[in-house]
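Just so you know, residue 1 is the first one in the sequence shown, and it goes up from there. What's counted below: heavy atoms across the whole structure, side chains too, no hydrogens, waters or symmetry copies. Note that ligands are numbered from 1 as they come in the structure, with each ligand's atoms numbered from 1 the same way.
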Amino acid sequence: MRIESKCIHSGYEPKSGEPCALPIVQSTTFRYTSAADVAALFDLTKAGFFYSRLANPTVDAMEKKIADLEGGVAALATSSGQAALFTAIATICRAGDHIVASSTIYGGSFNLMAANLRRFGMEVTFVDQTLPDEELEKAFRPNTRLVMGETLANPALTVFDIERFANLAHRHNVPLLVDNTFATPALCRPIDYGCDIVMHSTTKYMDGHAIQLGGVIVDSGRFNWANGLYPEFTEPDPTYHGTVYTEAFGNLAYIVKARVQIMRDFGCCQSAQGAFYTDLGLQTLPLRMERYSANALAMARFLESHPKVERVNYPGLPSSPEHALAQKYLPNGCSGVTSFVLKGGREAGARFIDSVKLATLEVHVADIRTCTLHPASSTHRQMTDEQLAECGIEPGLIRLSVGLENIDDLIEDIAQALENA
Ligand SMILES: *Cc1c(COP(=O)(O)O)cnc(C)c1O
């Protein structure tokens with residue numbers, strides 16, 4: 001099947017007489033009639049459901065759909081995107097390990113990696129992803145175990161050269177993890193370019209309606225965990241009766257370990273109701289991504305031609321320094337988020353925000369509604385202009401997540417707000 005059909009039919013195949021819509025299995029537990037059946041489940045020799053922290057039929061269907069969309073072998077849903085990143089890393093790395101990550105990643109991911117992972121004894125080196133390979137090589141250490149970046153970064157809107165970073169990671173025998181939240185598999189499939197593990201905040205475009213938090217990890221099934229650098233995959237796990245993940249699960253070793261170790265012990269699971277909402281969003285994903293991309297490109301073109309706008313960030317614009325990479329990785333559209341810098345600085349930014357009518361002021365992106373934010377008067381308001389400059393945020397920077405309203409209505413609203421700014 002092609003992506004539009006997978007979004008509708010993958011993951012859940014009702015048998016004769018069963019509901020067409022994905023049923024919400026609102027149950028924590030599952031009944032069995034023999035001790036041997038339960039023993040087989042606990043020994044991981046048989047697949048099945050026994051407790052919804054580990055697996056639930058509704059969540060399972062949504063996971064299978066996303067794995068199929070990304071071209072992976074299996075997926076694990078989590079309670080949020082943050083939980084997906086933590087789970088993805090904790091399955092691979094432990095105290096004493098080192099990670100190389102792009103510096104232009106989501107702020108929450110940066111905090112997790114820069115501050116909290118350090119508390120767990122892991123270290124992260126953040127690199128400028130535009131540096132040539134010779135410079136990037138210098139970030140690697142003997143204890144490096146993972147490389148990470150974002151296909152289309154939130155909010156920097158830089159495009160990650162997935163193929164180049166996959167080759168770089170593989171030269172060091174370590175996997176590449178890509179956060180594909182902003183692109184979604186409708187616009188880019190990182191596994192097609194050599195990425196080993198994909199993660200998402202499903203809270204964004206996959207849900208698409210700003211109703212359900214969630215995350216997901218997809219395993220390509222292609223990384224060789226038995227290359228000598230990952231003893232937790234090749235040595236017996238005493239908490240699972242001495243299971244050796246690479247021997248028992250082959251190309252599913254990573255995703256099984258993520259589920260039965262990290263999800264079991266940290267418990268950041270998705271709910272059946274949450275998976276139902278996420279799956280509902282997924283059914284229209286390709287259609288929505290096409291329109292988000294068209295609306296955002298039209299908006300970016302309008303902004304670029306406006307006299308009050310100093311600069312527009314959108315990889316779909318031919319003038320963007322990211323355009324060449326966007327043509328390779330995002331040929332069918334660059335998603336819905338754009339940002340621009342107003343000429344009047346901090347005051348103009350605040351006046352713009354106070355003047356928008358159709359666009360809503362919210363600390364979110366990838367909503368079905370167009371939403372906008374002025375960091376200098378909201379999320380970063382305690383900072384001086386000099387401090388903002390250090391974080392790469394101009395005082396007049398506006399983030400605009402273009403929604404699915406009519407584009408003429410949107411441009412009219414932004415035009416009148418620009419007049420007032
Ligand atoms: C929002 C976001 C996250 C975090 O996801 P939550 O669902 O909010 O926990 C991670 N990565 C990216 C790129 C995001 O946009």
Can you name the salt bridge (charged side-chain N to carboxylate O under 4.0 Å, His left out) partners of Lys65, sequence neighbours left out? Asp279

Test Asp413 against Lys357 for salt bridge (charged side-chain N to carboxylate O under 4.0 Å, His left out), laying out the working first. CA-CA 6 Å; Asp413 187 38; Lys357 293 188 178 116; 6.0 Å; no

Contact table, ligand 1 N/O with protein N/O, distance under 3.5 Å:
{"residue": "ligand 1", "atom": "5 (O)", "partner": "Ser201", "partner atom": "OG", "Å": "3.0"}
{"residue": "ligand 1", "atom": "7 (O)", "partner": "Gly81", "partner atom": "N", "Å": "2.9"}
{"residue": "ligand 1", "atom": "7 (O)", "partner": "Ser201", "partner atom": "OG", "Å": "2.8"}
{"residue": "ligand 1", "atom": "7 (O)", "partner": "Thr203", "partner atom": "OG1", "Å": "2.6"}
{"residue": "ligand 1", "atom": "9 (O)", "partner": "Gly81", "partner atom": "N", "Å": "3.1"}
{"residue": "ligand 1", "atom": "9 (O)", "partner": "Gln82", "partner atom": "N", "Å": "2.9"}
{"residue": "ligand 1", "atom": "11 (N)", "partner": "Asp179", "partner atom": "OD2", "Å": "2.7"}
{"residue": "ligand 1", "atom": "15 (O)", "partner": "Asn154", "partner atom": "ND2", "Å": "2.8"}
{"residue": "ligand 1", "atom": "15 (O)", "partner": "Lys204", "partner atom": "NZ", "Å": "2.6"}

Is Lys343 close enough and on-axis enough to Phe352, meaning under 6.0 Å and within 45°, for cation-pi? no

Results of ring pair (Phe, Tyr, Trp, His ring centres under 6.0 Å) for Tyr51 - residues two or more places apart only: none

Do Tyr329 and Phe160 make the cut of ring centroids closer than 6.0 angstrom? no

Suppose we screen for salt bridge (charged side-chain N to carboxylate O under 4.0 Å, His left out). Which residues come up paired with Asp97, at least two apart in sequence or across chains? none

